[in-house]
Number of protein chains: 2
Amino acid sequence: MDKYKTEVEMLENYDANKYKTPDGYTSDIAVFTIISTEVEKHKPPVKELKLMLIQRAEKDAEGQPNVEGSKWALPGGFVQPDETAFEAASRELEEETGVTNLKIKHFGTYDKPGRDKRAWIISNAHYAIVPENQLVKRKAADDASDVQLFTLEEVSQLELAFDHEQIIADAIWIIKKDMGLTTLAKNFLPEEFVLSELQGVLLTVLDDSWIKLDSQFFRKAPSLPFIEKVMVDGELKKSNRWSKNKAQLYKFTDYEPFVSIYNANY
Amino acid sequence: MDKYKTEVEMLENYDANKYKTPDGYTSDIAVFTIISTEVEKHKPPVKELKLMLIQRAEKDAEGQPNVEGSKWALPGGFVQPDETAFEAASRELEEETGVTNLKIKHFGTYDKPGRDKRAWIISNAHYAIVPENQLVKRKAADDASDVQLFTLEEVSQLELAFDHEQIIADAIWIIKKDMGLTTLAKNFLPEEFVLSELQGVLLTVLDDSWIKLDSQFFRKAPSLPFIEKVMVDGELKKSNRWSKNKAQLYKFTDYEPFVSIYNANY
DNA sequence: ATTTTAATTAACAGTTTGTTATTTGTTAAT
DNA sequence: ATTAACAAATAACAAACTGTTAATTAAAAT
């Protein structure tokens, strides 16, 4: 019946030297933000999806060459025994960006033997979405530092530490999926937004031909069950932040849509 | 700049006693199957979703009372340093069911401090789908053993070890989600199947009112892009396995459907 | 004032939905 | 054999929704 023993049964008659245990348990976070750069007044700005990376030091504290030194890596760190990997990610993200209440999601465990040459290190990967205005101030504060935002294009050119290239590829795949399947876009947008802003956010991440076609998107969007028109005193609230003509403001509702491949449109 | 150190930078000037490391790294697997029981010839059988659990021994090898003894738990075990948690899950599942090539998916990491009273044990949770015919023979082989299949109804009545109640709840939630969003149903079905079988599998897991309505489901299903009619020599292949009248056989195609909440039907 | 731009509405044919009814082939019972 | 019962497949049809193009509205720029 040996094969039916669970971890803890095995631990019962378990002496600490008999089973090897991991040498480190860490959390890494792929921090995404969308940077808008205004090109012209009353024009929708150019939006770009960016990822925050840190550059590993060339030399360690003793002045010795650092392993994977000078390469770029996801921010992260050790999980402490009194917290979960998720909590560690949240704590570390707060330390690095100074922003709280961010959307964080655990999306994978990276534990392939040899991913770190020197030890058995497990990493829990998370993604986080930071509204751009919150990150921009920090970015300006310490420019030319070892923390930088890169477009995905740029990231693909960088030398990345460990298996972070894979983790980043997975993170990108996941946020694309979640962007289409959940109301993740909410985390990139202000409380109240205009349909073209929503479309912009979606297209920055997604490249979906249906969303790209204005006539289709703007026709269907107003009746999506998870957003609603903003009203003030029974009047429709509008904005001309991005366009010459006033456009309707929307906000997300609490409704969490559920779709299925069995009654979808193809 | 301390806050920007990644796990491995920290490991550089890291002495093994300074940072606590996990005491155990394990994989658990929620093994699901659908059991069909024929009630009448030429009638669709009653289908039930079942979960495989093992009962923890009352006493350990030394005859001492076992922690969480006699409670039911997910099968699982330690991850070895030369494999990933996913590989461990796959290996253990094979050991327990004797079946290979199963659909396994990692869906969560359970590392809340205190989830195991005695040590810092991390569990990676996976779900697996076993076609019923493959599991049934094993089940018959050692009946009245400490391995049993339970309906979800029954599971909710059981005393479960550790945080497995939570893990199981999450697993159920995930397979419901994946059942509607991916072609997961494929793993519960034979290569060739009839629409009512597909509907039966979906409803066993999902309880979706749209799928439940025959008129809607049978009308739309034939044109779903991820299944196709089975042909032999240019003739439609039919079967009357489940009904008096011959029904069209279908099989899954390679097409992986992608749906989005932005152009879905509500 | 006139032109330009962008958001919104309107219009319309073609398609897909939800629904109900009909047809077809098969089993089971008289 | 004839008939009743049944389930799969098909037909029919109004209502809703799709993709698309055109018209309308309002503010900005000239």
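Letters A, B, ... mirror the listed sequences (proteins, then strands); counts begin at 1.
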Ring-face cation of K186(A) near F252(A) (centre distance under 6.0 Å, axis angle within 45°): yes
Rounded interatomic separation in angstrom, taking [atom1] from [X] and [atom2] from [N]:
X: L236(A); N: dT9(C); atom1: CG; atom2: P; result: 9 Å
X: D214(B); N: dG18(C); atom1: CG; atom2: C1'; result: 14 Å
X: N265(A); N: dG18(C); atom1: CG; atom2: P; result: 10 Å
X: F217(B); N: dT17(C); atom1: CZ; atom2: C1'; result: 16 Å
X: F218(A); N: dT8(C); atom1: CZ; atom2: C1'; result: 10 Å
X: Q199(B); N: dA7(D); atom1: CD; atom2: P; result: 13 Å

Any-strand Watson-Crick or G-U partner of dT26(C), both distances under 3.5 Å: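 The base-pairing partner of dT26(C), which may sit in any strand shown, is dA5(D).
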Can you tell which of [options] lies closest to the side chain of [X]?
X: K220(B); options: dA9(D), dT18(D), dT17(C); answer: dT17(C)
X: Q216(B); options: dA7(D), dT19(C), dT17(C); answer: dT19(C)
X: W210(B); options: dA26(D), dA8(D), dG18(C); answer: dG18(C)
X: N245(B); options: dT21(D), dA8(D), dT25(D); answer: dA8(D)
X: L213(A); options: dA9(D), dT20(D), dT8(C); answer: dT20(D)
X: R219(A); options: dT19(C), dT20(D), dA9(D); answer: dT20(D)

5′-ward residue of the pair L249(B)/A264(B) relative to DNA chain D: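 Final value for this comparison: L249(B).
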Phosphate-side-chain proximity, K246(A) and dA26(D), N/O vs OP1/OP2 below 4.0 Å: no
Residue-phosphate contact under 4.0 Å: K238(A) side-chain N/O, dA7(C) OP1/OP2: no
First encountered from the 5' end of DNA chain C, between N263(A) and K229(A): K229(A)
NZ/NE/NH1/NH2 to OD/OE distance under 4.0 Å, K237(A) and E192(A):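 Judged by the 4.0 Å cut-off on N to carboxylate O distance, K237(A) and E192(A) do form a salt bridge.
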For K212(B), salt bridge (charged side-chain N to carboxylate O under 4.0 Å, His left out) partners two or more places apart: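 Per chain and number, K212(B) pairs via salt bridge (charged side-chain N to carboxylate O under 4.0 Å, His left out) with D207(B).
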Side chains of D214(B) and Q199(B), donor plus acceptor under 3.5 Å: yes
Derivation and outcome, ring pair (Phe, Tyr, Trp, His ring centres under 6.0 Å), residues F226(B) and F258(B): CA-CA 10 Å; F226(B) 49 87; F258(B) 178 77; over 10 Å; no
